[in-house]
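Below is one structure, written out as structure tokens; comments come after it.
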Amino acid sequence: MKQLPLWQTPPPLVSSPPQKIFALADCNNFYVECERVFDITIKNRPVIVLGNGDGTVVAASREAKSLGITRGMPLFQCRALVEKYQIAVFSSNYPLYQDMSDRVMRFLSRYTPRLEVFSIDEAYLDFSHLSGDLLTSSGQRLCSQAQQWTGISLSLGIAPSKVLAKLGSELVKRHRIRGGVFNFVTMPTDQIDEILSQVLVEDLFGIGDRLATRLNREGILTAYKLKYADHVQLRNRFGVGVQRVALELQGISCIPLRTQAKPRQTMMVSLSFGRPIELLEEMLEAISHYSVRVGEKLRQHHQQAGGLSVFIRTNPFDKRVAQYANSAQMTFALPTSYTPDLIRASQELVKHIYQPGYQFKKAGVLVSALHPEEVIQPDLFGEYCWEKEVRQAYGMALIDLINKRWGCDTIFFAAQGIQRGWLMRQRRRSPLYTTDWQDVLTVT
DNA sequence: TCTGGGGTCCTAGGACCC
DNA sequence: TCTGGGGTCCTAGGACCC
């Protein structure tokens, strides 16, 4: 007879576990609002913010959206609108946005210690400790205080799952709900279903264009249809992601709150050039320049890279020129964040994939297999040398310090080039109001 | 003339091992 | 002559997110 183990699995809980409650705090038109906090002349004007290289719109104010401008639209397509309606145009100012984001997140963390910073302008909060009748009022207080303390307005969705919470915050924006809160938790099921039947699947978090098209072909057009579709079928035909979304729509939480930031697995610097590059020499400069940026990022996060890859490509939108794209990767014998190592590696890789006669528009350097820098894994063949490691780390720290104090590229590597005619454009960036003493606003 | 940058997760397929 | 099956790891590519 089979012997029972000494320990027994505890019997299942009779009562169901306490309900989880998520709140998604989403900053409204975040980049635009960041600009508006420091420039009152654009409070009521339409505003757009352009992506790196000033090529496309990455954020648009409500006024700009109502004129027909959408996220992702190339600037040249809306230039006429910009002039006609005197739209204020900004290059993106990431140091400013990141700093404002940090302020918002610090503010949110006063409301709950269990907070997941999901993106630069969104965070999930654990609201499970609040009783049902307090959810909406607490949320409203949070929104008005955020506006007051940080200058940024929020949309808050409260629900038993992340997908529903996200949808709630979208509904706040779509219907301009006063108080800034949409609460699914205390809502009866038939009312939720009524709302879900008016939401298209492509508007759900986790369902992009491709999946939406495939789901539509199967007759699943609305969130309501997805919620009540057969899970096993969903999983087999569309993957586990879609199944999870369906369960989350039922209020069954499948995507947990991640309060501990997962260490990054990759880091990338990839930018379009201000003008196309043809010469290998220029490509080597650009790729070296990107490698320097990657090195700074690695050291800032106290990480070292075990692998590195580079890619180069022509402009896929330009049908008149010959197209070419390629990438190459390598592994370091020892993980490194030492810039000369990164430059050497990426230059070697680029030499392998570069082809003359093409007009290159974009390139990138990606580091992978990241390790925390304090973990050292000496290699089998004794290449590791502690003194050398310390000397290199010291050198890099010094360069980083100087560049931080006196400005980016006060000290730079010759490989980065001096003219840098290929650098991306960024003509309309606002001042670094919060991260550079020289740009602090003065009131007179 | 001019079309973003930086990530994550999942899946399928191949290599390898026992 | 007959030549397995299952697990794990890695990688590339696809899909998604903001």
Side-chain angles (χ1 to χ4, degrees), chain A residues 24 26-31 48-60 69-80 82 89-92 94 97-98 101 116-124 162-163 166 169-170 201-215 235-245 254-256 258 261-276 290 293-294 297 301 306-307 309 311 313-321 325-329 331 359 361-370 424-427:
Chain A
L24 176 68
D26 195 342
C27 302
N28 299 328
N29 296 319
F30 183 57
Y31 295 173
I48 58 175
V49 178
L50 305 175
N52 269 329
D54 289 352
T56 57
V57 176
V58 292
I69 293 178
T70 55
R71 204 187 131 83
M73 196 181 249
L75 177 61
F76 71 88
Q77 273 177 20
C78 47
R79 189 149 277 161
V82 167
V89 181
F90 290 87
S91 301
S92 38
Y94 288 108
Y97 308 150
Q98 188 58 59
S101 172
E116 174 183 344
V117 177
F118 186 76
S119 71
I120 196 164
D121 68 341
E122 282 171 296
Y124 286 98
K162 281 181 162 181
V163 166
K166 172 83 178 161
S169 79
E170 295 296 326
V201 278
E202 58 261 44
D203 293 338
L204 293 170
F205 178 83
I207 311 291
D209 294 353
R210 311 291 173 94
L211 282 171
T213 311
R214 285 171 55 201
L215 285 165
R235 178 171 187 141
N236 291 340
R237 304 176 61 175
F238 302 101
V240 67
V242 174
Q243 185 192 24
R244 277 205 271 260
V245 174
C254 318
I255 311 170
R258 205 155 62 190
K262 211 178 164 190
R264 274 172 206 259
Q265 293 164 27
T266 60
M267 279 183 201
M268 181 157 66
V269 172
S270 80
L271 295 168
S272 299
F273 306 128
R275 60 160 168 80
Y290 296 174
R293 294 282 100 85
V294 162
K297 261 188 174 177
H301 288 87
S309 66
F311 75 86
R313 72 161 165 77
T314 51
N315 183 358
F317 295 102
D318 193 344
K319 301 297 175 214
R320 299 161 308 173
V321 301
N326 206 348
S327 68
Q329 47 279 319
T331 307
Q359 305 223 317
K361 184 60 183 160
K362 187 174 180 177
V365 176
L366 178 134
V367 284
S368 54
L370 304 186
M424 70 174 188
R425 289 178 290 263
Q426 197 177 36
R427 297 207 186 94

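Reminder, nothing fancy here: chain letters follow the sequence lines and each chain counts from 1. For clarity, every value in this text was computed on a predicted model and none was experimentally measured.
- Residue contacts for A/Gly53: at a heavy-atom cut-off of 4.0 Å it reaches no nucleic acid atom on any strand shown.
- A/Met73 places its CE atom 15 Å from the P atom of B/dT3, with the value rounded to the nearest Å.
- Contact annotation for A/Val240: backbone-only contact, meaning every heavy-atom pair under 4.0 Å involves sugar-phosphate atoms and none involves a base.
- A sub-4.0 Å separation between OP1 or OP2 of B/dC9 and a side-chain N or O of A/Gln265 is present.
- Considering only side-chain atoms of A/Thr266, the nucleotide from B/dG5, C/dC18, B/dG7 that sits closest is B/dG7.
- Heavy atoms of A/Arg258 sit under 4.0 angstrom from primed sugar atoms or phosphate atoms, though from no base atom.
- Residue A/Gly241 is classed as having no contact, given no heavy-atom separation below 4.0 Å to the nucleic acid.
- Side-chain proximity of A/Arg79 to the nucleotides C/dC18, B/dC2, B/dT3 is greatest for B/dC2.
- At least one donor-acceptor pair under 3.5 Å links the side chain of A/Lys361 to the backbone N or O of A/Phe273.
- Rounded to an integer number of Å, the gap from A/Arg264 CZ to B/dG6 C1' is 8 Å.
- Within 4.0 Å of A/Ile255, counting heavy atoms only, lies no atom of the nucleic acid at all.
- Within the nucleic acid shown, A/Ser92 has no heavy atom closer than 4.0 Å to any nucleic acid atom.
- Put simply, the side chain of A/Ser101 never gets that close to the backbone of A/Tyr97: no donor and acceptor are under 3.5 Å apart.
- Within 4.0 Å (heavy atoms only), A/Gln77 reaches no atom of the nucleic acid at all.
- Side-chain atoms of A/Asn315 and A/Gln359, non-hydrogen and from C-beta on, never get closer than 4.5 Å to each other.
- Side-chain N or O atoms of A/Arg214 include one that pairs as donor or acceptor with a backbone N or O of A/Arg237 at under 3.5 Å.
- Inter-residue side-chain proximity for A/Glu170 and A/Asp26 is flagged as met; some heavy-atom pair is nearer than 4.5 Å.
- Across all strands shown, A/Leu271 has heavy atoms under 4.0 Å from sugar-phosphate atoms exclusively, and none from any base.
- In this structure, A/Arg244 places its CZ atom 13 Å from C1' of B/dT11, rounding to the nearest Å.
- When the C1' atom of C/dC17 is taken as reference, atom CZ of A/Phe205 falls 6 Å away, rounded to whole Å.
- A sub-4.0 Å separation between OP1 or OP2 of B/dG5 and a side-chain N or O of A/Lys362 is present.
- In this structure, A/Gln98 places its CD atom 18 Å from P of B/dG5, rounding to the nearest Å.
- The distance between atom CZ of A/Arg71 and atom C1' of B/dG5, rounded to the nearest whole Å, is 11 Å.
- For the pair A/Leu50/A/Val57, a side-chain contact is recorded, criterion being any heavy-atom separation below 4.5 Å from C-beta on.
- Contact annotation: A/Lys361 side-chain N/O to B/dC2 OP1/OP2 distance is not under 4.0 Å.
- Judged purely by atom type and a 3.5 angstrom limit, A/Lys297 uses its side chain to pair as donor or acceptor with the backbone of A/Met268.
- Using a 4.0 Å heavy-atom criterion, one finds that A/Asp121 contacts the sugar-phosphate atoms exclusively.
- Counting to the nearest Å, the P atom of B/dT3 and the CZ atom of A/Phe273 are 13 Å from each other.
- In this structure, A/Asp209 reaches the sugar-phosphate backbone alone: every heavy-atom distance under 4.0 Å involves primed, P, OP1 or OP2 atoms, never a base.
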Report summary line: Dot-bracket assigned to DNA chain C with the 3.5 Å Watson-Crick/G-U criterion, [ ] for crossing and | for other-strand pairs, is ....||||||||||||||
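- In this structure, A/Lys162 satisfies the cation-pi test against A/Tyr124, with its NZ or CZ atom closer than 6.0 Å to the six-membered ring centre and inside 45 degrees of the ring normal.
- Relative to the side chain of A/Ser119, the nucleotides C/dC16, B/dG4, C/dC18 differ in distance, and C/dC18 lies closest.
- When heavy atoms are screened at a 4.0 angstrom cut-off, A/Leu211 is found touching the sugar-phosphate backbone but no base atom.
- Among the nucleotides B/dG7, B/dG5, C/dA15, the one closest to any side-chain atom of A/Lys297 is B/dG7.
- Distance A/Leu50 CG to B/dG5 C1': 14 Å, rounded to the nearest Å.
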